[in-house]
Student: 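Below you will find the structure I want to go over with you.
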Amino acid sequence: MALIDVYKNEVEQTWCPGCGHYSVLRALKIALARLEIQNHKAAIVSGIGCSGRIGGYIKAYGFHGIHGRSLPIAQGIKLANKNLTVVAAGGDGDGFAIGTGHAMHAIKRNIDITYLLMNNQVYGLTKGHTSPLSDLNFVTKSTPLGQVEDPLRPSLLALSAGGGFIAQGFSGRQEELIELIMKAIVHKGFSLINIFSPCVTFNPGKGYEWLRENLVSLDQDHDAGDYSGAFKTFLESEGLFTGLLYQKDAPDYQSRIQGASETPLAELDIKDTRPMDGLIEEFM
Ligand code: SF4
Ligand code: MG
């Protein structure tokens, strides 16, 4: 059996036909298979929204969490069991509205997980209203005269927060997306991929055709190690690109903790509760 088949399950996939999230799901499975990560060594954590279903469509460890909280859960899983490959996935509403605070601190904290931002610039599950990543002038049921706010820009926020791996992908460029997910998983530290993943039902204006015409691919000459160059590249392209924007080598959170056990917490036999008893007494 090909390794990708171990990630298949019988759960019915109910995304709309043509939804960009199918491509993200497929790219994730192929990336895991190419890296030869068995499904009992992977945990997929999602939040709420159409994107939140992704964890249910993969046969691996998983947790369908609460809105905007995929990252705290994913970080907790990685801290408890560093031997797992942990991937968090969520939409633009999930990650950069209610989840913004968690996203910024997860980037800064640099725990070794991968975050797939399935970005369609709209709330799909709740029938098409603006998210903080929606474009100016976007007309929806909640903004009949057009969105009057400018969108947040996740990759710029991640650069500012000290992110060590920042990339952008597109559901319509599957091979590139697979490669980016593989690199993100291999990267030692927090990695963000902002994925243009069209909502064909509620944001058809930013569908495959528009994105194919407007997204440039970062060429081979782009230096992903150049921090100030990454800002320049982003600003010059107005964020409309795919590829690896920035990557740096820095110790991840767990390797900065002196005296941390080599054995994952989940495998430690913790019977001695005396330190905790003392702590509790102190507050009685
Ligand atoms: Fe995908 Fe949009 Fe349909 Fe949700 S509403 S499944 S995001 S196309
Ligand atoms: Mg969305």
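Note that ligands are numbered from 1 as they come in the structure, with each ligand's atoms numbered from 1 the same way.
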Student: Could you check whether the rings of Tyr115 and Phe190 sit parallel, tilted or perpendicular, using 30° and 60° as the cut-offs?
Tutor: tilted

Student: Check whether any side-chain N or O of Thr143 sits under 3.5 Å from a backbone N or O of Val139 as a donor-acceptor pair, and report yes or no.
Tutor: no

Student: For Tyr22, check ring-ring contact (aromatic ring centres under 6.0 Å, His included) against everything at least two apart and list the hits.
Tutor: Trp15

Student: Counting no waters, what protein N/O/S atoms lie under 2.8 Å from the Mg ion (ligand 2)?
Tutor: Asp92 OD1, Asn120 OD1, Val122 O

Student: Checking Glu176 against Thr242 for the side chain to side chain donor-acceptor pair (under 3.5 Å) test, could you report, in this order, the C-alpha distance in whole Å, the side-chain angles of both residues, the deciding distance, and whether it holds?
Tutor: CA-CA 8 Å; Glu176 180 189 49; Thr242 59; 2.9 Å; yes

Student: Holding to ring-ring contact (aromatic ring centres under 6.0 Å, His included), I want the full list of residues that pass it with Phe165, two or more places apart in sequence or in another chain.
Tutor: His187

Student: Using a cut-off of 2.8 Å, count how many protein N, O or S atoms are strictly closer to atom 2 (Fe) of ligand 1.
Tutor: 1

Student: Using the rule that Ile, Leu, Val, Met, Phe, Trp and Tyr join whenever any side-chain heavy atoms are under 4.5 Å apart, tell me whether Tyr227 and Leu244 fall into a single cluster.
Tutor: no

Student: Does Ile73 belong to the same Ile/Leu/Val/Met/Phe/Trp/Tyr cluster as Val87, with side-chain heavy atoms less than 4.5 Å apart forming each link?
Tutor: no

Student: Check the pair Gln147, Asn137 against side chain to side chain donor-acceptor pair (under 3.5 Å), reporting the backbone distance first and the verdict last.
Tutor: CA-CA 4 Å; Gln147 166 66 302; Asn137 299 324; over 6 Å; no

Student: If we ignore angles and hydrogens, is there a donor and acceptor under 3.5 Å between the side chains of Tyr57 and Thr14?
Tutor: yes

